[in-house]
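Just so it is clear, the structure is predicted and the values come from calculations on it, not from any experiment.
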Amino acid sequence: MNSLKKYIYPVILTGLFVFLAACGSSEDSDSSISSSFDASTEESTPEPDPTPEPDPTPELEPLPELEPAFIRTNVFLDCYSEENFCGFDLRLGSPPEDDNQVRIIIREVQQTTNDEEPLDGCEWATEKKGDVIATFNDLWDVGRGFEITVLPIEGPLAKRTCTFTFGAAGAENYRSLENFSYTFIITQPTDEDLVLTAEYPWGPSEEAVTLQNVLGIEADGWYGSGTREAHLAALEAKGLDSSNVPLPPPTGRIAFVAPVPGQEGWLETDIYTMNADGSDIVQLTDNNSKDQYPVWSPDGSHIAFVSNRTGVSELFVMDADGNNVQQLTDVTQHSEGVQGPPSWSPDGSQIVFSAWAWLEGDCHTYFLSGASYIAPADSLSSIFLIGSDGTNERLIRDRVLGCNEDALDEASCVAAGFSWFVVHEYDSWCNGDTFSYLSVQPAWHPDGESIAYLNFAPSYHDFGFDSIPRCFVMLMDLQGNDLELLLNPATNCWGYPGWSSTGILGYGPFVNYSYDRMDYYLITEGDTQVIERSSNSVSRGLAWSPDGNSVAYGNADSIIVIDFIDGTEEDIFITGVQGFQPNWSPY
């Protein structure tokens, strides 16, 4: 028993040791397996993270590498009234260097229609010069949108453009940036019937561009013969009223006078020609003088005119294109110069003109004492003939009062049996008969046998002559003898008589201050017609069309107009060309 115990205890202890060792090994293995399982489970079905809290608004990151600049994007230059939008997005290229606001300001706004000069402002947009379109400060990198507020446009014009110029103000680093500009275009729907039935002036206009686009013809912006023909055809095809179509002007070219650009007043003028509808303007003279009174020769190959380029007004002739200028008269030594327009003989061989003549020692001298607002001192106007080549100049209209070299004073005038008159206390003259004061503005009759002219004389009543000058439109022969009194226009003086090809004498136009209008006379055999117009005139002469149915003159705005003498006042045609003293070519 004791022996058994002796062996059992070691066996039991040994077994217990093995058992404990085995248990320790098993725990390590279980732990390893558990770890592997848990890992594989997380990979296949991960547990969701908790819902994160929202981040606060992030601060805008500055762009220090950018230079100060305007960054423009999404630019829309085409504006449509039905969409009511055009403009662009804008941001700054770097932050301000100070705390001031950066303001983007409209510096200029100019509208352009057709090919006209820009107009200040824009009629189809609300925004104007001086408006602030965007403001930047600490949020300098945030875009700002600029949108033009489009307004509706009335009328047939389909397109207008406006140029907006923008600049910055406020922060120092933006003040030096150059302004930038955009030209925005508004296009409105075109009502073709409205375009076709609108009223149009002859010549250039912005409305003519739209009309020509609707007609599908060359859009040069000029309402002329080609546009008129297409216009009438389109109206007829649509069954629309054509009474709004303007009358066409007669054909031929018109010479006229216009001031030198940039000169104030009319101290320097040049001579031009144009088609009767106002197109194809050609400048013929160009010098620092007053070139005026152009008159076409009967065959249309030459133009006579008056110029003070030599220091005194002389008579010149040039080719119809402005070349080969020749001086015909030389009155420097004996006259105060040519006065008023010349007139060609029907065969083109001679020219008649008037001049302030002071011909010392000659018995045909007019004597005038004292300076006048009408004539220079010690001179009166006489009428001369000269060959178109400058030869054979001669006096044809003059009254002989004596052979004195000095002007007659009142005593010597009365002693000689003449009458002495004083006008306005500073103008006085010695008068021998009714028609012997001033003889001016000669106009050769188409028959070649007589000349109309304007004569100033004191008026006559039952008690003799008075001191108020009157003008008379007279007809004389080629020797200067009076044949007929054609018109006594009373105080409406200083119009230029001019004959039509059909033998009608036109006189005027001139302002009728009593009725705030402009009048001119049409004189035919045994009949005088007074034409009244509401528009005043700066022109004192009528230019007849080759067919004798129209006259041209300069209106109160110095625009050359054409009047159809058999029509109404509404038939006046506006050429749109600035000028005066028009004269029509014979063809």
Colleague: Could you tell me whether a side-chain N or O of Ser313 sits under 3.5 Å from a main-chain N or O of Gly337, the two making a donor and an acceptor?
Modeller: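 No, Ser313 side chain to Gly337 backbone: no donor-acceptor pair under 3.5 Å.
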Colleague: Taking side chain to side chain contact (heavy atoms under 4.5 Å, CB included) as the definition, give me every residue that meets it alongside Val282, ordered by chain and number, with sequence neighbours left out.
Modeller: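 So Val282 forms a side chain to side chain contact (heavy atoms under 4.5 Å, CB included) with Arg253, Thr273, Asp280, Leu284.
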Colleague: Going by the rule side chain to side chain contact (heavy atoms under 4.5 Å, CB included), which residues pair with Asn323 if we only count those two or more places apart in sequence or in a different chain?
Modeller: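 For Asn323, the residues satisfying side chain to side chain contact (heavy atoms under 4.5 Å, CB included) (neighbours in sequence not counted) are Asp319, Asp321.
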Colleague: Tell me every residue that passes side chain to side chain contact (heavy atoms under 4.5 Å, CB included) with Pro546, counting only those two or more places apart in sequence or in another chain.
Modeller: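 Once residues adjacent in sequence are excluded, the partners of Pro546 under the side chain to side chain contact (heavy atoms under 4.5 Å, CB included) criterion are Trp584.
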Colleague: Under 4.5 Å between any side-chain heavy atoms of Leu505 and Tyr521, yes or no?
Modeller: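 No - every pair of side-chain heavy atoms lies 4.5 Å or more apart.
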Colleague: How long is the span from the CD1 atom in Ile148 to the CH2 atom in Trp124, to the nearest 0.5 Å?
Modeller: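 Output value for this atom pair is 4.5 Å.
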Colleague: Measuring from Thr135:OG1 to Ile105:CD1, what's the distance to the nearest 0.5 Å?
Modeller: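 Going from the OG1 atom of Thr135 to the CD1 atom of Ile105 covers 8.5 Å.
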Colleague: Mind running side chain to side chain contact (heavy atoms under 4.5 Å, CB included) on Ile133 and Ile106 for me, showing each step along the way?
Modeller: CA-CA 7 Å; Ile133 68 167; Ile106 299 177; 3.6 Å; yes
Colleague: Say whether, by atom type as modelled, one donor and one acceptor occur between the side chain of Tyr174 and the main chain of Ser94 under 3.5 angstrom.
Modeller: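 Yes, the answer is positive, given that a donor and an acceptor are paired below the 3.5 Å cut-off.
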Colleague: So do the side chains of Ser307 and Glu314 get within less than 4.5 Å of each other, counting heavy atoms only?
Modeller: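 The answer is no, as the side chains (C-beta and beyond) never meet within the 4.5 Å cut-off.
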Colleague: Donor-acceptor check, side chain of Ser297 to backbone of His302, threshold 3.5 angstrom: yes or no?
Modeller: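 Confirmed, Ser297 side chain pairs with His302 backbone.
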Colleague: Please enumerate all residues that pass ring-ring contact (aromatic ring centres under 6.0 Å, His included) together with Phe76, with sequence neighbours excluded.
Modeller: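 Here the qualifying residues are Phe85.
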Colleague: Using side chain to side chain contact (heavy atoms under 4.5 Å, CB included), reason through Phe256 and Ile281 one step at a time and then give a plain yes or no.
Modeller: CA-CA 10 Å; Phe256 65 97; Ile281 297 175; 4.2 Å; yes
Colleague: Identify the two heavy atoms, one from Trp296 and one from Ala320, that lie closest to each other, and give their separation to 0.1 Å.
Modeller: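 Result for this residue pair: CZ3-CB, 3.8 Å.
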Colleague: Verify, without hydrogens or angle tests, whether Asn244 (side chain) and Ala198 (backbone) share a donor-acceptor contact under 3.5 angstrom.
Modeller: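 Yes: the side chain of Asn244 pairs with the backbone of Ala198.
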Colleague: Shortest non-hydrogen contact from Pro294 to Val257?
Modeller: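 Between these two residues, the closest heavy atoms are CD-CG2, 3.5 Å.
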Colleague: To check you understand the geometry: which heavy-atom pair defines the closest contact between Val245 and Tyr223, and what is its length?
Modeller: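 Taking Val245 first and Tyr223 second, the nearest heavy atoms are CG1-OH, 3.4 Å.
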Colleague: Only counting residues at least two apart or in another chain, list the ones meeting salt bridge (charged side-chain N to carboxylate O under 4.0 Å, His left out) with Asp291.
Modeller: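 By the salt bridge (charged side-chain N to carboxylate O under 4.0 Å, His left out) rule, Asp291 matches Arg309.
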Colleague: Contact between Thr285 and Met318 at the side-chain level, heavy atoms closer than 4.5 Å - yes or no?
Modeller: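 Counting from C-beta outward, Thr285 and Met318 do come under 4.5 Å.
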Colleague: Which residues pass the side chain to side chain donor-acceptor pair (under 3.5 Å) test with Ser225, sequence neighbours left out?
Modeller: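 Testing Ser225 for side chain to side chain donor-acceptor pair (under 3.5 Å), a comparison that skips the adjacent residues, returns none.
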Colleague: Is the terminal nitrogen or CZ of Arg533 (NZ for Lys, CZ for Arg) located under 6.0 angstrom from the six-membered ring centre of Tyr520 and within 45° of that ring's axis?
Modeller: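 Not flagged: Arg533 not positioned over aromatic ring of Tyr520.
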Colleague: Say you draw a straight line from CG of Asp131 to NZ of Lys129; how long is it, rounded to the nearest 0.5 Å?
Modeller: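 Answer for the CG-NZ pair, Asp131 versus Lys129, is 12.0 Å.
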Colleague: Can you tell if the side chain of Cys122 reaches within under 4.5 Å of the side chain of Phe184, non-hydrogen atoms only?
Modeller: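 Heavy-atom side-chain distance check fails, nothing below 4.5 Å.
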Colleague: If the condition is ring-ring contact (aromatic ring centres under 6.0 Å, His included), which residues does Phe166 pass it with, not counting sequence neighbours?
Modeller: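 For Phe166 the ring-ring contact (aromatic ring centres under 6.0 Å, His included) partners, ignoring immediate neighbours, are Phe88, Phe146, Phe180.
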Colleague: Is it the case that the side chain of Gln581 and the backbone of Tyr293 share a donor-acceptor pair, with hydrogens and angles ignored and the cut-off at 3.5 Å?
Modeller: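 Yes; judged by distance alone, with no hydrogens or angles, the pair exists.
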Colleague: Given side chains that start at C-beta, do those of Thr502 and Trp544 come closer than 4.5 Å, heavy atoms only?
Modeller: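 They are not in side-chain contact.
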Colleague: Restricting to side chain to side chain contact (heavy atoms under 4.5 Å, CB included), what partner residues turn up for Ala230, sequence neighbours left out?
Modeller: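 Only Leu215, Ile217 meet the side chain to side chain contact (heavy atoms under 4.5 Å, CB included) criterion with Ala230.
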Colleague: Does the side chain of Thr149 pick up a donor-acceptor pair with the side chain of Glu127 at under 3.5 Å?
Modeller: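 Per modelled atom types, Thr149 and Glu127 side chains form a pair under 3.5 Å.
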Colleague: To the closest 0.5 Å, what do you measure between OH (Tyr507) and CG (Asp519)?
Modeller: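 It is 11.5 Å, given to the nearest 0.5 Å.
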Colleague: Under the 3.5 angstrom rule, does the side chain of Ser242 hit a backbone N or O of Leu232 as a donor-acceptor pair?
Modeller: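 Checked: no pair found.
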Colleague: Keeping Ser279 on the side-chain end and Asn275 on the backbone end, is there a donor-acceptor pair under 3.5 Å?
Modeller: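 Pair absent, no side-chain N/O of Ser279 close to backbone of Asn275.
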Colleague: Can you tell if the side chain of Asn549 reaches within under 4.5 Å of the side chain of Phe564, non-hydrogen atoms only?
Modeller: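 Of all side-chain heavy-atom pairs linking Phe564 with Asn549, none is under 4.5 Å.
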Colleague: Nearest 0.5 Å, please: how far is CG in Asn583 from CG in Leu542?
Modeller: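 One finds 11.0 Å between CG of Leu542 and CG of Asn583.
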Colleague: Run the numbers on Asp241 and Thr197 for side chain to side chain contact (heavy atoms under 4.5 Å, CB included), then give the verdict.
Modeller: CA-CA 7 Å; Asp241 180 28; Thr197 55; 5.9 Å; no
Colleague: Within the structure provided, determine whether Leu211 and Leu196 are in side-chain contact (heavy-atom separation under 4.5 Å).
Modeller: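 Heavy-atom side-chain distance check passes, below 4.5 Å.
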Colleague: Taking the six-membered ring where the residue is Trp, are the ring centres of Phe164 and Tyr182 under 6.0 Å apart?
Modeller: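 No, the ring centres sit 6.0 Å or more apart.
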Colleague: Return the minimal non-hydrogen interatomic distance between Gln283 and Asp286, and the atom names on each side.
Modeller: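 Taking Gln283 first and Asp286 second, the nearest heavy atoms are NE2-CB, 3.6 Å.
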Colleague: Donor-acceptor check, side chain of Asn555 to backbone of Ser558, threshold 3.5 angstrom: yes or no?
Modeller: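 The answer is yes, because a donor-acceptor pair under 3.5 Å joins these two groups.
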Colleague: Please give me the minimum heavy-atom distance between Gly93 and Ile71, naming the atom from each residue.
Modeller: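 Here Gly93 and Ile71 meet closest at CA-CD1, 3.7 Å.
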Colleague: Does Thr163 have any side chain to side chain donor-acceptor pair (under 3.5 Å) partners at least two apart in sequence or in another chain, and if so, which?
Modeller: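 For Thr163, the residues satisfying side chain to side chain donor-acceptor pair (under 3.5 Å) (neighbours in sequence not counted) are Thr183.
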Colleague: Using ring-ring contact (aromatic ring centres under 6.0 Å, His included) as the criterion, list what pairs up with Trp499, not counting sequence neighbours.
Modeller: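 ring-ring contact (aromatic ring centres under 6.0 Å, His included) list for Trp499, sorted by chain: His445.
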Colleague: From Ser243 OG over to Glu199 CD, what is the distance, rounded to the nearest 0.5 angstrom?
Modeller: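 These two atoms lie 8.0 Å from each other.
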Colleague: Could you please spell out the steps behind the side-chain hydrogen bond (donor to acceptor under 3.5 Å, both in side chains) verdict for Gln212 and Thr227?
Modeller: CA-CA 7 Å; Gln212 291 171 336; Thr227 301; 3.0 Å; yes
Colleague: For residues Ile186 and Leu151, report the shortest heavy-atom separation together with the two atoms involved.
Modeller: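 That would be CD1-O, 4.2 Å.
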Colleague: Would you check, one step at a time, whether the test side chain to side chain contact (heavy atoms under 4.5 Å, CB included) holds for Tyr272 with Val577?
Modeller: CA-CA 11 Å; Tyr272 299 76; Val577 176; over 6 Å; no
Colleague: Flag the pair Ile531 / Ile565 as yes when at least one side-chain heavy-atom distance between them is below 4.5 Å, and no otherwise.
Modeller: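 No; the side chains remain at least 4.5 Å from each other.
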Colleague: For Ile559, is there any backbone N or O sitting under 3.5 Å from a side-chain donor or acceptor partner on Asp557?
Modeller: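 No: the side chain of Asp557 does not pair with the backbone of Ile559.
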Colleague: Going by the rule side chain to side chain donor-acceptor pair (under 3.5 Å), which residues pair with Thr251 if we only count those two or more places apart in sequence or in a different chain?
Modeller: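 Scan of Thr251 (side chain to side chain donor-acceptor pair (under 3.5 Å), adjacent residues dropped) gives none.
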Colleague: Not counting sequence neighbours, which residues clear salt bridge (charged side-chain N to carboxylate O under 4.0 Å, His left out) with Arg72? List them please.
Modeller: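 Result, salt bridge (charged side-chain N to carboxylate O under 4.0 Å, His left out) vs Arg72: none returned.
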